Each structure stands twice: as C-alpha cells, then as structure tokens.
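Note that this is a predicted model, so its numbers are computed, not measured.
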Amino acid sequence: MLSAQERAQITQVWDLIAGHEAQFGAELLLRLFTVYPSTKGYFPHLSACQDAAQLLSHGQRMLAAVGAAVQHMDNLRAVLSPLADLHALVLRVDPANFPLLIQCFQVVLASHLQDEFTVEMQAAWDKFLTGVAVVLTEKYR
C-alpha cells in the first residue's frame, strides 16, 4: 500500500506531533463539528470548548489510535479491528464520515506544521489515512 518513502514521511510527521495528541485531536474534533455539524450527533457528550476535559480525552484516544496505526502500518487490520467493530457494530457511525475526518485532520496537520508538511507528506498521509478508513469500514460489509 505504501512505498518506503511514504512510510518515512508518515513517521516523520507523526514524530512532529507526538506528545501533542490530545491538543491535535481536540482541534480535529472541533474542526469536524464546525465544518460538518451533522457529525456532532455522534458525540453528544463532548463540549464545544477546546479545553474541555472530555474533548481532550477523546482527541487523545483518536490520535492514539492513529499512532498505533502508524506503528503498525503493515498490520492495520489487526491493530484496528476492535475500533472497526466498535464503529460499525456498536456506534453505527456512517462510513461516509471517515473521509470528512481525514480531510479535517489534514487541515489540522497543515495548519500546525505549515512548511514542514510538504505536498508529498500530505499525499502520503492522505493515502495512509484512506487505508485506515478502509479498514475501519470493512466491518460494514
């Protein structure tokens, strides 16, 4: 799925945001809720305030899952299977929301990393996150 160069770019970007997962995740959620208000319905328990403990906590969990996927790029199905089950079978998240989340995450990365987030890195992350979304939606079939 990913070339050696793409893998290196994904890891390089992850290294830049490591340690800031809660903040990036909270910002990702806020951007998602702002740009796509219908997605807020999946998170009725979260506050609209970025420093809200629940928002930071959920953002941390989301990006921890992305971090696990980065660490296990060769075995996404195994590492993401519990999340796929949760989102498809329990939460019943519309799979059309995953591309929206990817788009918002790309904007958060670009806004924070600016010139460090090259076009090639963006393309690698888009490919990687699309692969993550495919794995998360496989349980819907």
Side-chain angles (χ1 to χ4, degrees), residues 1-48 50-141:
M1 175 176 113
L2 298 167
S3 71
Q5 181 179 2
E6 290 168 331
R7 289 169 184 271
Q9 291 167 330
I10 291 163
T11 302
Q12 182 181 357
V13 169
W14 187 255
D15 289 344
L16 291 171
I17 64 173
H20 306 285
E21 291 90 341
Q23 294 83 6
F24 273 66
E27 185 175 335
L28 166 58
L29 286 167
L30 286 174
R31 183 170 299 278
L32 182 70
F33 300 157
T34 301
V35 178
Y36 303 105
S38 63
T39 60
K40 178 71 169 112
Y42 291 106
F43 304 92
H45 59 288
L46 296 180
S47 168
Q50 186 170 3
D51 64 353
Q54 288 183 331
L55 188 63
L56 287 166
S57 175
H58 196 78
Q60 173 72 36
R61 285 194 310 271
M62 286 176 54
L63 264 64
V66 173
V70 168
Q71 297 301 316
H72 302 281
M73 283 186 247
D74 291 326
N75 203 2
L76 289 177
R77 280 182 182 83
V79 76
L80 296 175
S81 184
L83 281 177
D85 289 338
L86 175 67
H87 285 82
L89 306 175
V90 178
L91 300 174
R92 299 190 182 271
V93 173
D94 183 345
N97 288 304
F98 291 111
L100 308 179
L101 188 69
I102 290 169
Q103 180 185 43
C104 290
F105 191 38
Q106 296 275 28
V107 171
V108 169
L109 290 173
S111 69
H112 283 276
L113 303 178
Q114 299 182 9
D115 292 339
E116 291 180 276
F117 193 56
T118 66
V119 171
E120 294 80 16
M121 288 176 169
Q122 187 275 331
W125 269 86
D126 188 58
K127 190 174 179 182
F128 169 67
L129 292 172
T130 299
V132 169
V134 165
V135 170
L136 290 176
T137 59
E138 285 178 339
K139 303 287 180 147
Y140 290 85
R141 296 180 192 148

(Q) With rounding to the nearest 0.5 angstrom, report the CG to CD distance, Leu63 to Gln23. (A) 10.0 Å
Q: Report the distance from atom CG of Leu2 to atom CH2 of Trp125, rounding to the nearest 0.5 Å.
A: 10.5 Å
Q) How would you list all residue pairs meeting ring pair (Phe, Tyr, Trp, His ring centres under 6.0 Å) that involve residues 52-77, not counting sequence neighbours? A) Phe43-His58
Q. Do Met73 and Thr11 come within less than 4.5 Å of each other through their side chains, counting heavy atoms only?
A. yes
Q. What are the two closest heavy atoms between Leu83 and Ala65, and how far apart are they?
A. CD1-CB, 3.4 Å
Q) Could you give all pairs that pass the salt bridge (charged side-chain N to carboxylate O under 4.0 Å, His left out) test and reach residues 123-132, with sequence neighbours left out? A) Glu6-Lys127
Q | Residue pair Phe128, Val70: steps toward the side chain to side chain contact (heavy atoms under 4.5 Å, CB included) verdict | A | CA-CA 9 Å; Phe128 169 67; Val70 168; 3.8 Å; yes
Q.
Using the rule given for side chain to side chain contact (heavy atoms under 4.5 Å, CB included), can you reason through Ile17 versus Leu113, listing the C-alpha separation, both sets of side-chain angles and the distance that settles it, and then say yes or no?
A. CA-CA 9 Å; Ile17 64 173; Leu113 303 178; 4.3 Å; yes
Q.
Is it true that Ser57 and Arg61 share a donor-acceptor pair across their side chains at a distance under 3.5 Å?
A. yes
(Q) Testing the basics here: between Thr39 and Phe33, what is the closest heavy-atom pair and its distance to 0.1 Å? (A) OG1-CD2, 3.7 Å
Q: For Gln5, check side chain to side chain contact (heavy atoms under 4.5 Å, CB included) against everything at least two apart and list the hits.
A: Ser3, Gln9
Side-chain donor/acceptor pairs under 3.5 Å, residues 96-109, sequence neighbours excluded:
from, atom 1, to, atom 2, distance (Å)
Asn97, ND2, Asp94, O, 3.2
Gln103, OE1, Tyr36, OH, 2.2
Gln106, NE2, Gln122, O, 3.4

Q. Side chains of Leu76 and Met1: closer than 4.5 Å at any heavy-atom pair?
A. yes
**Q.** Heavy-atom pair of closest approach, residues Val132 and Ala69
**A.** CG2-CB, 4.1 Å
Q: Answer yes or no: is there a donor N or O on one side and an acceptor on the other, between the side chain of Gln12 and the main chain of Ile10, under 3.5 Å?
A: no
Q. Looking at CG of Leu29 and CG of Leu55, how far apart are the two atoms once the value is rounded to the nearest 0.5 Å?
A. 5.5 Å
Q) Which atoms form the tightest heavy-atom contact between Leu56 and Ala26, and what is the distance? A) CD2-CB, 3.7 Å
(Q) Suppose the criterion is side-chain hydrogen bond (donor to acceptor under 3.5 Å, both in side chains): which pairs have a residue in residues 75-87, not counting sequence neighbours? (A) Arg77-Glu138, Ser81-Lys139, Asp85-Lys139
Q: Using ring-ring contact (aromatic ring centres under 6.0 Å, His included) as the criterion, list what pairs up with Phe24, not counting sequence neighbours.
A: His112
